[in-house]
Colleague: 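Okay, handing you the structure first.
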There are 2 protein chains.
Amino acid sequence: MNTVARSSDADISAHDRVYRTLRTRIMHGEIPPGAALTLRGIGKEFDVSMTPAREAVRRLVAEGALFLSSSGRVSTPELSNDRIEELAALRALLEVELASRALPRAHIALIDRLNTINMTVAEMVSKRDAVGYIRTNLEFHRTLYLRAQAPAMLAMAETVWLQLGPTMRALYGRLRRTEPPNNHRLIISALKAGDEPGLRLAVRSDVTQGLRLLAG
Amino acid sequence: MNTVARSSDADISAHDRVYRTLRTRIMHGEIPPGAALTLRGIGKEFDVSMTPAREAVRRLVAEGALFLSSSGRVSTPELSNDRIEELAALRALLEVELASRALPRAHIALIDRLNTINMTVAEMVSKRDAVGYIRTNLEFHRTLYLRAQAPAMLAMAETVWLQLGPTMRALYGRLRRTEPPNNHRLIISALKAGDEPGLRLAVRSDVTQGLRLLAG
DNA sequence: TGCCCGCATATGTGATCACATGGGAACATG
DNA sequence: CATGTTCCCATGTGATCACATATGCGGGCA
């Protein structure tokens with residue numbers, strides 16, 4: 001089977017399909033930290049040869065989504081506390097700016113959509129669905145930041161999410177909280193009121209809260 | 001020649017050698033915007049097959065250093081003004097934070113090194129050596145930011161430098177200025193004085209100045 | 001029983017090949 | 001001379017193979 005870019009499968013290249021699927025899995029916390037991946041295993045799962053599997057893995061390594069050992073083996077990263085704190089600081093830096101830029105463009109339709117997404121987030125929390133929570137929580141943030149019209153900045157924020165994916169699964173998995181997200185309501189309120197300082201504070205709190213309780 | 005990881009060449013893998021070389025070229029502005037690259041051409045230059053060339057290129061595309069057309073051809077990016085402004089804003093955001101974190105650790109030895117580097121920067125400016133200027137200017141910034149002990153943040157800043165590499169070459173090439181970098185002296189002064197607000201302002205000015213004069 | 005050594009194999013790396021396709025030059029046409 | 005068309009080849013994609021080596025397991029030895 002030497003078929004290249006077959007017109008089924010939406011005309012997408014093989015390595016891109018593999019890349020996108022793995023990226024989503026990692027970002028949403030579907031893979032725990034430290035899990036090993038093999039090129040032949042990936043190839044077998046996606047029914048492709050090692051070549052596209054290698055390209056997808058290389059790309060994910062470049063984005064910090066996967067860790068490459070000195071012998072070339074790949075696995076999801078196991079982040080140190082220092083690294084987690086640094087990534088949290090990066091989230092704060094980037095996302096506060098993104099929210100601030102989105103504020104003047106945040107009309108009522110956006111706020112409605114954020115409210116709807118936030119209800120799904122609360123549902124995931126009550127169901128203790130860690131992966132669902134991470135996915136909808138990121139959807140909440142991305143929906144807001146898309147309004148900032150700053151694609152490079154959003155891409156950087158998503159890269160940070162990607163790096164934190166497996167760790168977030170581990171953290172929220174052991175967290176066991178049931179309260180719906182209070183900071184999200186603060187974000188929506190600040191958007192409604194056009195309150196920029198309040199928005200910056202709410203985003204910063206939302207982004208850094210879950211990562212503070214590590215310390216072990 | 002099927003030799004894998006031959007012990008000469010510092011035991012570094014072929015794709016890594018290609019990657020590092022291309023990355024440095026791009027970041028230092030040795031390649032103009034819109035220049036096309038081919039896998040076979042890269043392979044021929046580095047005396048490797050297409051495989052490591054592809055991996056290196058993929059990685060650089062993932063970092064935004066190269067642009068991948070819809071048909072798979074790769075070239076250095078030609079950035080829009082909006083994109084340049086956004087990347088400048090990212091530089092400001094990240095590098096102000098890095099400088100601020102480096103400030104409490106900036107002892108006299110560091111300031112001496114920065115002064116030395118800055119003399120080389122001035123020399124490059126007087127020689128109108130665009131590539132040399134970009135290289136030493138980035139060395140100035142990296143030397144300072146290394147003190148921040150924030151590797152993820154520094155990596156992000158370097159990714160932004162990488163994306164701006166070819167564009168910086170084009171901008172400074174048409175700039176033709178001869179004044180030595182004044183903002184660098186302001187940065188050093190603020191470091192000596194332990195003046196954090198002054199440092200933040202100086203870094204922000206230094207980072208955003210050269211990119212303001214585009215507007216066409 | 002615990003530890004170390006060796007071997008089999010799983011795994012990554014790089015080369016090479018077959019193939020589809022897009023880009024650009026050469027040519028034709030108005 | 002300008003513009004559209006055709007065709008060839010340069011180029012990217014993916015599969016497969018050969019090879020070096022790290023990993024991990026099993027057996028032997030203290």
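Values reported hereafter were calculated over all heavy atoms of this structure, with side chains retained and with hydrogens, waters and symmetry mates removed. Letters go in sequence order (proteins before strands), and every chain restarts at 1.
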Colleague: Rounding to a whole Å, what distance do you find between B/Phe46:CZ and C/dA15:C1'?
Modeller: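 For the pair B/Phe46 CZ and C/dA15 C1', the rounded distance is 18 Å.
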
Colleague: Taking atom P of C/dA15 as reference, at what distance in whole Å does atom CG of B/Leu39 sit?
Modeller: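 Spelled out: CG on B/Leu39 to P on C/dA15 is 13 Å.
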
Colleague: For D/dG14, does OP1 or OP2 lie under 4.0 Å from any side-chain N or O of A/Thr51?
Modeller: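 Answer no for this pair, as no side-chain N or O of A/Thr51 is under 4.0 Å from OP1 or OP2.
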
Colleague: Can you check the B/Arg58 CZ to D/dG12 P distance for me, whole Å?
Modeller: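 Result: 10 Å.
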
Colleague: Roughly how far apart are A/Met153 CE and A/Leu98 CG, rounded to 0.5 Å?
Modeller: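 Separation between the atoms: 6.0 Å.
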
Colleague: Taking the nucleotide of DNA chain D with the nearest heavy atom to each, does A/Arg40 or A/Ser49 sit closer to the 5' end?
Modeller: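 Closer to the 5' end of DNA chain D: A/Ser49.
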
Colleague: When the distance from CG of B/Asp47 to C1' of C/dA15 is rounded to whole Å, what number comes out?
Modeller: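 Distance, rounded to whole Å: 12 Å.
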
Colleague: How close or far is atom C1' of D/dG14 from atom CE of A/Met50, stated in whole angstroms?
Modeller: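 Nearest whole value for this atom pair: 12 Å.
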
Colleague: Does any part of the side chain of B/Trp161, heavy atoms only, come nearer than 4.5 Å to the side chain of B/Arg91, both counted from C-beta?
Modeller: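 A side-chain contact exists here, since the closest heavy-atom pair is under 4.5 Å.
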
Colleague: Answer yes or no: does a side-chain N or O of A/Arg17 lie under 4.0 Å from OP1 or OP2 of D/dT13?
Modeller: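 Answer no for this pair, as no side-chain N or O of A/Arg17 is under 4.0 Å from OP1 or OP2.
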
Colleague: Using a 4.0 Å heavy-atom cut-off across all strands, classify B/Leu68 as base, sugar-phosphate, or nothing.
Modeller: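 Nothing, no heavy atom under 4.0 Å.
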
Colleague: If you go through the side-chain atoms of A/Arg54, does one of them form a donor-acceptor pair with the base of C/dG14 closer than 3.5 Å?
Modeller: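 When only heavy-atom distances are counted, A/Arg54 does reach the base of C/dG14 through a donor-acceptor pair under 3.5 Å.
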
Colleague: Salt bridge (charged side-chain N to carboxylate O under 4.0 Å, His left out) for A/Glu45 and A/Arg25? Distances and angles first, verdict last.
Modeller: CA-CA 14 Å; A/Glu45 174 183 348; A/Arg25 275 190 204 163; 2.4 Å; yes

Colleague: Is there a donor and acceptor pair, one atom on the side chain of B/Arg73 and one on the base of D/dG12, closer than 3.5 Å?
Modeller: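 Not at all, since no donor on one side and acceptor on the other fall under 3.5 Å apart.
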
Colleague: Students often get this wrong, so: under 4.0 angstrom with heavy atoms, is A/Ile42 touching a base, only sugar-phosphate, or nothing?
Modeller: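 A/Ile42: no heavy atom of the nucleic acid under 4.0 Å.
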
Colleague: Find which nucleotide of DNA chain D each of A/Asp16 and A/Ser71 is nearest to by heavy atoms, and output the residue with the more 5' nucleotide.
Modeller: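 Closer to the 5' end of DNA chain D: A/Asp16.
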
Colleague: Rounded to whole Å, how long is the line connecting atom NZ of B/Lys44 with atom P of D/dT11?
Modeller: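 My rounded result for the distance is 11 Å.
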
Colleague: Determine, stepwise, if the pair B/Arg135 / B/Glu30 fulfils salt bridge (charged side-chain N to carboxylate O under 4.0 Å, His left out).
Modeller: CA-CA 10 Å; B/Arg135 185 182 63 247; B/Glu30 294 174 30; 5.7 Å; no

Colleague: What is the separation between atom CZ on B/Phe67 and atom P on D/dG12, rounded to the nearest whole Å?
Modeller: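 Taking atom P of D/dG12 as the reference, CZ of B/Phe67 is at 14 Å.
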
Colleague: Is the phosphate of C/dT13 approached by B/His15 (side-chain N or O, under 4.0 Å from OP1 or OP2)?
Modeller: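 No, because none of the side-chain N or O atoms of B/His15 sits under 4.0 Å from OP1 or OP2 of C/dT13.
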
Colleague: Show, in sequence, the C-alpha distance, side-chain angles and deciding distance for A/Glu55 and A/Arg59, and conclude whether the salt bridge (charged side-chain N to carboxylate O under 4.0 Å, His left out) test is met.
Modeller: CA-CA 6 Å; A/Glu55 299 198 38; A/Arg59 194 166 163 189; over 6 Å; no

Colleague: Between C/dG14 atom P and A/Glu55 atom CD, what is the distance in whole Å?
Modeller: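 Answer to the nearest Å: 14 Å.
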
